[in-house]
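Heads up, the thing below is written out as structure tokens.
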Amino acid sequence: MKSVIERVRGAIEMGLVQALGELGSDLNLESMPQVILEQPKEEAHGQWASNLALMLAKPAKRPPREVAQLIVDHFQDPSGLVREIEIAGPGFLNFHLDPAWRQLAVVEILTAGSDYGSCQVGVGKSILLEFVSANPTGPLHIGHGRGAAVGSALASILEAAGYQVTCEFYLNDAGNQINKFAQSLEVRYRQALGEESKLPEDGYHGKDLVELMEELAQRRGESLLSLPQAELQQALVDYALPIKVKAIEKDLAAFGVHFQNWFRESTLHPGAIDSAVAKLKATGQLYEEEQALWLRSTDFGDDKDRVVIRDSGVPTYLAADIAYHDDKYRRGYDKLINIWGADHHGYIVRIKAAAEALGHDPEKLAIIIVQMVNLYRGGLAVTMSKRTGELVTLSEIVEEVGPDAARFFFLMRSSESQLDFDLDLAKEQSDRNPVFYVQYAHARICSILRQAKEQGIEIPKADGEHLSILNSHEEEQLMEKLAQLPLCVGEAAQKMEPHRLAHYAQELAAQFHLFYTRCRVLGSEEELQAGRLLLISATRLVLARTLTLLGISAPERM
RNA sequence: GCGCCUGUAGCUCAGUUGGAUAGAGCACGAGACUUCUAAUCUCGGGGUCGGGGGUUCGAUUCCCUCCAGGCGCACCA
């Protein structure tokens, strides 16, 4: 079921296509141009606008306004909601809708309830969304937090847009970083037992490993030292890895992020990697040089060819990733989305090259790069160093500012912009803090509805009759903003840009706060009160849905 | 040196796949509470859309070039 605003758009598009069909020879059209409607930013320009006449003027060899007039003359409205078409400016067609469309939108919201906002752009299509995918060798840091917020919000938005979404965490539980992890664990274990032992420069410096090994040392004493080194390290990894993975899961859960799949890299060794390599070999995409096996990624636009199997015979990270993506492709999704940190952007060409070399369509794989987060406290940048383990962890942030503020801050900027995260502001309970502004709107509505209930005021049946009384500017603007949600969800989904929803939430909250200041609900004249109760009920639903899509709570009291 | 991202109001950022007079929040200044939560609202000043070319009816948006910042450029992940 499409929303009113979408149905009207579809109807106008259809009407325009039909008009152009009739005008084909008159306008010298060679083929049907793409009809795109946009929402004018200027209120006076109506609800939908088209620049068709401007684009067709040249091939038609006629002035744009004349073309516009021809289109208007041939336009028939299948929706019955277009009240007026105005030719404006250089030749824009502005479609003004019957005011009743707003009431239809509100009735729709109240009927759909918490489902309102969904749309159909992704119906019948499946997506595998991979994000976070952090090494389990340490805690999640703030950069992972941004990826987690963006990924989980995007998942909700895509689902609301009709896609069937699977969220997956690729767990790097094999390979070189696990070797380094093992070495680091051994050092920490020996240190915990009082031995002299030094962490290698490229080891994991985090405090978490110190604590983990101290605990193990306390429990098992020196008993493990009698093992040969390989077995000792294996034992330490077997002990530590599940704990680290659980910690990651716990941090994510506290942040409202959940995955359907945890894909372990170790399951790719060696079978899946061998068969992916064999496949590439068979098609001539691999060659041997200096005892290593190289992928001809330059054939697909890469700067240089990449090593897949080292001269030592050990596969590179890329080898596992190729096998992983081969696996993802073969699972038959319509689209694969990866969310990566900015420091991995150089990897995009490589992995797409590998996908293409394996015979997969690289266009199916979309990679969202999430830029870095700069933390500020007291107006100063918080310095972080991966090398020394001085990272601000996700759990610290969530602890400090709460999951709602953290999520909103991560989501309010476009992913491709670097993010300045002001910890003081995120904690502040004031009008400077945008997350409170939005939640406050929801709480205010709940307060009114609560009091209405206490006073025994019934909320009437949702129909146009009660709503037709709402014709002040504030009320109309609020209704129009409510009607936008399905469009916003559709755009955010198609462009894979969750920050659009965060902006929408702020705009809607602003529109409500303005209404609240100007329009009294309780105690107004009875019919007006009835209409406004319906309006704020609808507003509450839309605010709550928007916040839910972002993974942020909608409090009833503040 | 090469690649990707960014450059829009004092600050942080939006900008509807090329449109109409470039927007929001914060900050600053002036106002609005005996009434549903003032964590709110109203009004105001504020701009060479990094610079310069080009494409066209029309460019913040597309192309070229230069400048500045960030991030990458491994047989690390």
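Here is how names work: the chains are called A, B, and so on, in the same order as the sequence lines, proteins then strands, and each is numbered from 1. Just so you know, these numbers use all the heavy atoms, side chains as well, and skip hydrogens, waters and symmetry mates.
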key: Contacts of A:His513 that satisfy ring-ring contact (aromatic ring centres under 6.0 Å, His included) - sequence neighbours left out   = A:Tyr437, A:Tyr440
query = Tell me, which stems hold RNA chain B, with a stem being 3 or more Watson-Crick or G-U pairs in a row and both distances under 3.5 Å?
reply = B:1-7 with B:67-73, B:10-13 with B:23-26, B:28-32 with B:40-44, B:50-54 with B:62-66
message = With rounding to the closest Å, how many angstrom separate the C1' atoms on B:A14 and B:U60?
response = 12 Å
ask   = In residues 410-417 of chain A, what residues come within less than 4.0 Å of RNA chain B, judged by heavy atoms?
value = A:Arg413, A:Ser414, A:Glu416, A:Ser417
Extract from the structure each pairing of a protein N or O with an N or O of nucleotides 19-23 of chain B at less than 3.5 Å, listing the distance.
from  : atom 1 : to      : atom 2 : distance (Å)
B:G19 : N7     : A:Asn51 : ND2    : 2.7
B:A20 : OP2    : A:Lys41 : NZ     : 3.1
B:A20 : N6     : A:Asn94 : OD1    : 2.7
B:A20 : N1     : A:Asn94 : OD1    : 3.2
B:A20 : N1     : A:Asn94 : ND2    : 3.0

query = Relative to the 5' end of RNA chain B, which residue comes earlier, A:Ile309 or A:Leu522, by the nucleotide with the nearest heavy atom?
reply = A:Leu522
key: Distance, P atom - from B:G58 to B:U21, rounded to whole angstrom   = 14 Å
Residues A:Glu475, A:Arg532: salt bridge by 4.0 Å N-O rule = yes
request  = For nucleotides B:G23 and B:C43, find the distance between their P atoms and express it as a whole number of Å.
outcome  = 14 Å
Return a table of donor-acceptor pairs under 3.5 angstrom between the side chains of residues 482-498 of chain A and protein atoms on other chains or two or more places apart.
from     : atom 1 : to       : atom 2 : distance (Å)
A:Gln484 : OE1    : A:Gln39  : NE2    : 3.0
A:Gln484 : NE2    : A:Glu480 : O      : 3.4
A:Glu497 : OE1    : A:Arg500 : NE     : 2.7
A:Glu497 : OE1    : A:Arg500 : NH2    : 3.1

Only pairs under 3.5 Å count here: list side-chain donor-acceptor contacts from residues 520-528 of chain A, not counting sequence neighbours, and write none if there are none.
from     : atom 1 : to       : atom 2 : distance (Å)
A:Arg520 : NE     : A:Leu522 : O      : 2.8
A:Ser524 : OG     : A:Arg520 : O      : 2.6
A:Ser524 : OG     : A:Val521 : O      : 3.3
A:Glu525 : OE1    : A:Leu528 : N      : 3.3
A:Glu525 : OE2    : A:Glu527 : N      : 3.3

request  = Give A:Cys446 one of three labels, base, sugar-phosphate or nothing, depending on what nucleic acid heavy atoms sit under 4.0 Å from its own.
outcome  = nothing
query = Considering residues at least two apart in sequence or located in another chain, which fulfil the salt bridge (Lys or Arg N to Asp or Glu O under 4.0 Å) criterion with A:Lys481?
reply = A:Glu507
message = Quick check: A:Phe169 with A:Phe131 (ring centres under 6.0 Å apart)?
response = no
inquiry  = Below 4.0 angstrom, which residues in residues 523-541 of chain A have at least one non-hydrogen atom near RNA chain B?
reply    = none
query = For A:Phe95, what residues pass the ring-ring contact (aromatic ring centres under 6.0 Å, His included) criterion, not counting sequence neighbours?
reply = A:Phe75
ask   = Under a 4.0 Å heavy-atom cut-off, which of residues 171-185 of chain A touch RNA chain B?
value = A:Asn176, A:Gln177
Restricting both atoms to N or O, compile the protein contacts to nucleotides 69-73 of chain B shorter than 3.5 Å, with distance only.
from  : atom 1 : to       : atom 2 : distance (Å)
B:G70 : O2'    : A:Gln418 : NE2    : 2.7
B:C71 : O2'    : A:Ala342 : O      : 3.4

Just the table, please: protein N/O against nucleotides 40-47 of chain B N/O, every pair under 3.5 Å.
from  : atom 1 : to       : atom 2 : distance (Å)
B:U40 : OP2    : A:Asp431 : OD2    : 3.0
B:U40 : O2'    : A:Arg444 : NH1    : 3.2
B:C41 : OP1    : A:Tyr437 : OH     : 2.4
B:C41 : O4'    : A:Thr517 : OG1    : 3.2

request  = Provide, to the nearest angstrom, the distance between the CG atom belonging to A:Leu425 and the P atom belonging to B:C11.
outcome  = 17 Å
